[in-house]
Amino acid sequence: MILHTLNQAPANTACFQSALSAMDEQDSLLLIEDGVYWALPAYSDQLASIPGRVFALEADIRSRGVGNSTLECIDDSGFVQLCVSHHKVVSWF
Amino acid sequence: MSAEGILIMTRAAPYGSSAARDALDAALTCSVFEQPVTLLFLDDGVFQLLKGQSPTEISQKNLNAVQQSLPLYDIERLCVSRSSLDSRGLGTDDLILPVEVVGDAELPQLLSQHRHVLSI
Amino acid sequence: MIFSIVVQAPPIQCQGAETALRFARALLDAGHSIHRVFFYRDGVHNGSALTCLPQDEVSIPEQWQALAREHKLDLVVCIAAAVRRGLINEHEAGRYKKAHWNLAEQFELSGLGQLVEACIQSDRVVTFGGRS
């Protein structure tokens, strides 16, 4: 059970694809910083191919005006809880 | 499931940034502190292991020299992503060291085997 | 739970340092302990005492200092990465014969061994990156 964080915008597809290939269905992905643009409807197919659960950091979603996302948003304390509930954290940047 | 040791994951090509060297330094330090360490070369990180580097013209130290000393430091595992090699037209013969080639399907397990994963 | 944080993102140019700072505050708010914050690569610039910002902007280095003062945080800047980037303390200024130094209070310079020790001592290690 690994929490993966991803902070790269959609132009960096390699980063997204590598994070995806390293995940299994028990893992979760947390989109942070520019990574939250992946939450836009245009990328819903790519997000749907992720084996585990997907979250986005609320502050980054709001800051960037990324609306229309059906993703589960979490605040900083939710980020902490995800770190606790997963065995380790792997950062993709 | 007992996970132990540190996995250092490096995804950047050498010389264009300091990432390759910084990842190596961290791995060598793990070994000095007798922590089991695995280096995982992913994406453009596989370029770090190409043979025949000669960066003196660009005023940098040759990474190959440090890499060849890795076995002396008891760095137990050097893992390279098969899909990263394949998509770059590279094979293990192109690399400076013998490595463990890891398929995409084995990546999640490799990460979960280690107590911590450091991306550098 | 015991956490350590690795900051590889510089302030200003990348958001990662600010994300790390917010994460550190959230950890402390939730009652977790932070064994160490380790600054590596361009993340060492978080330890500069000479950052100057317009009044309506937030200084990340000062925020780290304030958090460290309040919670007695161990803020360790990788010495090898720091001296290469011109971030030095009085001791290193003497050693390299430099007239000035700029490491902010609350930060200390130490080796990569402190990163490894943080991994050994911590239940979770969370890295905040910039770009490679």
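Not measured: the values here are computed from a predicted model. Chain naming here is simple, since letters A, B, ... match the order of the sequence lines and numbering starts at 1 in each.
Checked by atom type, the side-chain pair C/His35/C/Asp74 shows no donor-acceptor distance below 3.5 Å. For the 3.5 Å distance criterion, the side chains of A/His4 and A/Ser28 fail to qualify, holding no donor opposite an acceptor.
A/Asp60 touches chain C through its side chain: at least one heavy atom from C-beta onward sits under 4.5 Å away, while N, CA, C and O do not. In this structure, chain C has a heavy atom under 4.5 Å from the side chain of A/Asn7, while its backbone stays farther away. Looking at A/Leu3, neither its backbone nor its side chain comes within 4.5 Å of chain C, counting heavy atoms on both sides. Residue C/Glu18: no heavy atom, backbone or side chain, is found under 4.5 Å from chain A. If you measure heavy-atom distances from A/Gln8 to chain C, the contacts under 4.5 Å come from the side chain alone.
C/Phe39 has its ring centre less than 6.0 Å from the ring centre of C/Trp64. For A/Phe79 and A/Phe55, the ring centers sit 6.0 Å or farther from each other.
Counting heavy-atom pairs closer than 4.5 Å to chain C, the top residue among A/Cys15, A/Ser91, A/Ser77 is A/Ser91. Chosen from C/Asp29, C/Val6, C/Thr19, the residue pairing most often with chain A at heavy-atom distances under 4.5 Å is C/Thr19. Ranked by heavy-atom pairs shorter than 4.5 Å toward chain A, the options C/Arg25, C/Arg22, C/Gln8 are led by C/Arg22.
Around CD of C/Glu105, the count of heavy atoms belonging to other residues, nucleotides or ligands within 6.0 Å does not exceed 12.
The aromatic rings of C/Phe23 and C/Phe128 lie tilted to each other, with the angle between the two planes from 30° to 60°.
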